[in-house]
Number of protein chains: 2
Amino acid sequence: MPLASKIPAYRIVYETIRTRIQDESFQQGTLLPSEHDLCVLYHVTRPTIRKALDALVHEGYIKKHQGKGSVVMGVPKGIGILSITGTTSAIGQHNLKTRIIVKPEVRTWTSAFSFSLTEHEKELGCIYMERLRYVNDNPVFYDITMIPNLNLPRFTSRSFENKSLFDILRKHYQIQIMGGEQQIMAHGADKTLQKYFRVPKDHPVLQLNRRMETNRVNFYVYSQVFCNTDDYVLYGRF
Amino acid sequence: MPLASKIPAYRIVYETIRTRIQDESFQQGTLLPSEHDLCVLYHVTRPTIRKALDALVHEGYIKKHQGKGSVVMGVPKGIGILSITGTTSAIGQHNLKTRIIVKPEVRTWTSAFSFSLTEHEKELGCIYMERLRYVNDNPVFYDITMIPNLNLPRFTSRSFENKSLFDILRKHYQIQIMGGEQQIMAHGADKTLQKYFRVPKDHPVLQLNRRMETNRVNFYVYSQVFCNTDDYVLYGRF
DNA sequence: TATAAATACTTGTATAGACAAGTTATAATT
DNA sequence: AATTATAACTTGTCTATACAAGTATTTATA
């Protein structure tokens, strides 16, 4: 498991606290150790701690109150596709199953959904894959992912069955999703979606076109996600 | 125009730069003055400048590149309801017209869309209003807003025709939206939406339930927004 | 005992400086 | 002239400190 050589301290603090909230060693409703105590715990200064906490606040893991402390809110509920990088981390792997519709394969491309591509991206081609994802055995997400075909050895042969795409990118290729932009719209299900979601013609479906930025400059991951919101709604913080 | 007594320096810097990007005195594609230069300009230190820039990065106004500088991206395109507090600021007042369907009035409430209320909120009652908003003369948003009826003198008699609700809250009542959570789903238009959006039965419509946090503790603004995404899609950064 | 004042905490804001790391322009070298 | 090294400038990370402002606890007072 190759690790990035130099991970900033605030990032490590962020990951650590986030993990401890996820595994409930910091319990929902309780107060986080004070910023001063966290300084001692992680051997960093307060600005570093605060930078880590800022990210946790923004993602909804904690809520701060001046004079009181930081309240642990727990893992953001719902399906946090709007604010979290992937669906896996938001709803937990227990409930999420993945069926590969199109295995990762190299394709040519001239555009990525509604996003335009640079000449360099067009030349490279892309790794294309389609997945259908089940929440509690109900098909809820149908997503198409396109990644520029740039030096990702063995990528197409990897298994994505029950793993998060973003986990694989991070662990094996040191690629982290830093943020991105997305378009959201509602429209009627086409034949493909009718088939996979088992819904009638023109059944309302949510669509997201996403362009995700990574820690590699000019390396973007594109995805188009269709979502059946009959039983599960998307959730996000802002 | 009453002003909050003590606005932090980083906030003023943020507002100033944001305004200058909006009115294009910082032009899209150009580099922002370096952090050092901004320090001199606004008479603050680099951490303060960086805190302001962090917010601008997060909202998509600028993009930073280590060693190079901060590139002005311009006002985030599309309809930024996902990340910005209101629709007005995102698409500009030129294209946005508002028709009041239900004037602000005091009502009782037991819940706010899918969000549960505290006993205190229930006792207070709420100020209720419905608006239909047009983008380039097309009805695109239908929103219901509910605000706890807490000491907002003259609120119900104010005009909301062509002003942002959030501007009024900020300027007249010193209430700022700090963030919030939202649910997003797609479903078919009901009779009300068919009428206002001029769409057929079960036409796919986007729905957002939003709970917005303010700078007053335990004071939340609730809104439900329906959106016809046939011609305009929602846009957001994450 | 009940109330009020002082105190010890918490997070919020801001300063001043240091070095690392990436980019660009300049100067030196071949 | 083209290439390489240097320097200058950019943002990224981090330290150490100070005071303001909000909250909770303790202590002093009535």
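We name chains A, B, ... by the order of the sequence lines, and we start the count at 1 in each one.
- Within 4.0 Å (heavy atoms only), B:P8 reaches sugar-phosphate atoms of the nucleic acid but no base atom.
- A salt bridge between B:E105 and B:K103 is absent, with no side-chain N of the basic residue lying under 4.0 Å from a carboxylate O of the acidic one.
- Under a 3.5 Å cut-off, the side chain of B:T145 and the backbone N or O of B:M129 do not form any donor-acceptor pair.
- Contact annotation: B:S34 side-chain N/O to D:dC9 OP1/OP2 distance is not under 4.0 Å.
- Taking every side-chain heavy atom of A:R50 into account, C:dG12 is the closest of D:dT13, C:dG12, D:dT11.
- One interatomic measurement links the two molecules: CG of A:N215 to C1' of C:dA21, which rounds to 15 Å at whole-angstrom precision.
- OP1 or OP2 of D:dT13 has at least one side-chain nitrogen or oxygen of A:Y10 nearer than 4.0 Å.
- The distance between atom CD of A:E35 and atom P of C:dT13, rounded to the nearest whole Å, is 11 Å.
- A straight line from CG of B:L31 to C1' of C:dT24 spans 11 Å, rounded to a whole angstrom.
- Rounded to an integer number of Å, the gap from NE2 of A:H36 to C1' of D:dA16 is 13 Å.
- Within the structure, a side-chain polar atom (N or O) of B:K64 is placed less than 4.0 Å from OP1 or OP2 of D:dG12.
- In this structure, B:L53 atom CG and D:dT11 atom C1' are separated by 10 Å, rounded to whole Å.
- Map B:V217 and B:D54 each onto its nearest nucleotide of DNA chain D; the residue landing nearer the 5' end is B:D54.
- For B:E15, the CD atom counts as densely surrounded, since its 6.0 Å shell holds more than 12 non-hydrogen atoms of other residues, nucleotides or ligands.
- Residue B:D37 is the one, among A:H65 and B:D37, whose nearest nucleotide of DNA chain D lies closer to the 5' end (criterion: closest heavy atom).
- No hydrogens or angles considered: nothing links the side chains of B:Q224 and B:Y222 as a donor-acceptor pair under 3.5 Å.
- Listed nucleotides: C:dT13, C:dT15, C:dA14. Nearest to the side chain of B:T45: C:dT15.
- Nearer the 5' end of DNA chain C, as judged by each residue's closest nucleotide, is the contact made by A:G69, out of B:A9 and A:G69.
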Using the 3.5 Å cut-off, write out each protein N or O paired with an N or O of nucleotides 19-21 of chain D and the distance between them.
from, atom 1, to, atom 2, distance (Å)
D:dA21, N3, A:Q66, NE2, 3.3

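- For B:K63 and C:dT23, the NZ to C1' distance is 18 Å, given to the nearest whole Å.
- Whole-Å rounding puts the B:L32 CG to D:dC9 P distance at 19 Å.
- The main-chain N or O of B:R210 is never found under 3.5 Å from a side-chain atom of B:S223 such that the two would form a donor-acceptor pair.
- If you take CD1 of B:I7 and C1' of C:dG12, they are 15 Å apart, rounded to a whole angstrom.
- Checking the phosphate oxygens (OP1, OP2) of D:dT11, no side-chain nitrogen or oxygen of B:K68 falls inside 4.0 Å.
- In this structure, the side chain of B:T214 engages the main chain of B:F219 through a donor-acceptor pair within 3.5 Å.
- Distances shown here put every side-chain N or O of A:K51 at or beyond 4.0 Å from the OP1 or OP2 atom of D:dC14.
- Atom NE2 of B:H65 sits in a crowded spot, with more than 12 heavy atoms from other residues, nucleotides or ligands closer than 6.0 Å.
- In terms of heavy atoms, A:A52 sits closest to A:Y10 at CB-O, 3.5 Å.
- Between B:T48 and C:dT13 there is no side-chain polar atom (N or O) within less than 4.0 angstrom of OP1 or OP2.
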